[in-house]
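Heads up, the thing below is written out as C-alpha cells.
Along the sequence shown, the residues carry numbers beginning at 1. Remember, it's 1-based here, ligands and their atoms both numbered in the order they're listed. Values below: every heavy atom of this structure, side chains too, minus hydrogens, waters and symmetry copies.
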Amino acid sequence: MAKRDYYEVLGVSKQATPAEIKKAYRKLAIANHPDKNPGDKAAEDRFKEATEAYEVLSDEKKRSTYDQFGFAGIDGMAGGHDYSNVYSDFSDIFGGGGGGFEDIFSSIFGGGGGQSRGRRGSSGPNVGSSLRYDVTLDFEEAAFGKKIELNYAHQIACKTCHGSGSKSGGTKVCPVCNGTGQVRRNSGFFAVASTCTNCNGTGRVVENPCSDCNGTGTVRKQQKLKVSIPAGVDDGSRVVLKGMGDAGANGGPSGDLYVYVNVRPHKYFVRHNFDVYVQIPINVTQAALGDEISVPTIDGKTVKVKIPSGTQSGKILRVKSYGIPTDRNATKRGDMYIKIQVEVPTHMGLRAKAAMKDLAKHLGDNTSPKPVPFQN
Ligand SMILES: [Zn+2]
Ligand SMILES: [Zn+2]
C-alpha cells in the first residue's frame with residue numbers, strides 16, 4: 001500500500017509547529033479511535049495512519065530525517081516496523097477499553113494525568129477520581145515486562161453503610177434547598193440560582209450519617225495490587241488499571257489508576273522505538289582480516305556476529321530480532337544495531353611493534369589521502 005505523506009495525513013503544513021501537529025493528531029485520534037468506531041476498519045486505518053505520522057512528526061530528530069529522506073530515512077531508523085504492532089501496544093498501554101479514552105488522551109497530551117475526572121457538585125452519579133502511580137524499571141525489565149506489586153491508598157465504598165453514607169441506608173429531603181437541588185439568592189433585581197452545596201444538587205441528603213465515613217460513603221484504604229507491566233513499555237508509557245482509582249459517588253463508577261513507567265537508562269544500550277543501539281570496539285587486525293565476535297544482548301546473553309574483512313570504524317551492523325519486544329508476549333522483537341569502533345593499539349610490545357612496522361612496509365603508502373565528508 002502506498003503511504004501518504006505524514007503532513008498530508010495530519011492535514012498540516014510542512015512548517016507546522018509542534019503544537020499544531022499535536023492538535024491535528026489529537027483531533028484525528030479522537031475522531032477515529034477504535035473505541036468510538038467499533039468494527040469500522042476505515043476509521044481504524046485512519047487512526048493507525050495518524051498515529052504513525054504523529055510518532056514521526058512529534059519527534060524533532062525523526063521529523064528532520066523524514067523531511068530530508070522521506071520514508072526511506074524513517075524506515076532505516078526504525079527498522080521498517082509494522083506499525084500494527086505499535087498500535088496493539090498503544091491500546092494495551094493506554095487501556096483501550098470502552099469509554100474514558102478522551103480522558104486518556106487528555107493525559108497523554110499533557111492535561112496533567114491522574115487528575116480527577118469526576119464532576120463534583122453536579123447532581124447524579126459522579127465518577128471517582130483517577131489516580132497516578134509512578135514506577136521506575138530497569139531497562140531490561142521494561143523490555144521484557146515485569147510483575148510488580150503496587151501499594152497505594154484510595155477511596156473505596158464504605159462497608160458499614162455500603163457506600164450510601166447513611167447509618168440507616170435512608171435519605172431525606174435536603175433541608176437547605178427543600179429538595180430542589182438549587183438555591184436562589186436575590187441579587188438586586190435578579191434571583192440567581194446555583195447548585196446547592198449541601199446536597200451537591202441531588203436534593204437529598206443522608207439521614208443518620210454513617211460514623212465510619214462521616215456520611216461521605218467512602219473510606220480511605222491502603223491497597224496492594226499485583227500488576228503485570230507488559231513487555232516493550234518505554235520511558236513515559238502509562239498502564240491503565242480500569243476502576244482501580246477512587247470509588248465514585250452516588251452510584252457512579254470508580255476512577256482509574258494510571259501507572260506511569262519511568263525507565264532507567266542502560267549502561268551500554270540505547271533504545272529508539274523497538275530497536276537497540278550499542279557500540280562495540282574491535283582491534284585493527286579484526287577489522288582488517290574479519291572475525292567472529294560475541295556481542296552482549298539485552299537478554300543478558302551474547303550473540304555471535306560476523307565482522308567482514310575490511311570493516312571500517314563507524315560501520316553499523318544489524319542483528320535482526322535482538323531488540324525490544326514489540327508485543328506484550330514478546331513473540332516479535334525489534335533489531336539490534338552495532339556500531340563498530342576500530343581501536344588502534346596504544347601499548348604495543350616489541351614484537352607487536354616490529355610486526356606493525358613490517359605491515360607498514362607491506363602496505364606502503366596506498367591509502368592516498370582523499371578528503372571525505374565529515375561524519376560525526
Ligand atoms: Zn459509611
Ligand atoms: Zn440541597
For Tyr133 and Arg238, what are the C-alpha separation, side-chain angles and deciding distance, and is it a side-chain hydrogen bond (donor to acceptor under 3.5 Å, both in side chains)? CA-CA 10 Å; Tyr133 193 100; Arg238 299 159 179 81; over 6 Å; no
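A cation-pi contact, defined as under 6.0 Å to the ring centre and within 45° of the axis, links Arg132 to Tyr260.
Shown are the protein N/O/S atoms under 2.8 Å from the Zn ion (ligand 1), given by residue and atom: Cys158 SG, Cys161 SG, Cys210 SG, Cys213 SG. Around the Zn ion (ligand 2), the protein contributes the following N, O or S atoms under 2.8 Å, ordered by chain and number: Cys174 SG, Cys177 SG, Cys196 SG, Cys199 SG.
Inspection of the Glu52 and Tyr6 side chains reveals an N or O donor paired with an N or O acceptor under 3.5 Å. With no hydrogens or angles considered, no side-chain donor-acceptor pair links His33 and Glu44 at under 3.5 Å.
A ring-ring contact (aromatic ring centres under 6.0 Å, His included) with Tyr277 is found for exactly one of Phe269, Tyr337, Tyr322, Tyr268, namely Tyr337.
For the pair Arg351 and Asp358, the salt-bridge criterion is not met [side-chain N within less than 4.0 Å of a carboxylate O]. With salt bridges taken as basic N to acidic carboxylate O contacts below 4.0 Å, one links Arg271 and Asp234. A salt bridge links Arg318 with Asp335: the distance from a Lys NZ or Arg NE/NH1/NH2 to an Asp or Glu carboxylate oxygen falls below 4.0 Å. Comment: Glu292 does not engage Lys304 in a salt bridge, judged by the lack of any side-chain N to carboxylate O separation of less than 4.0 angstrom.
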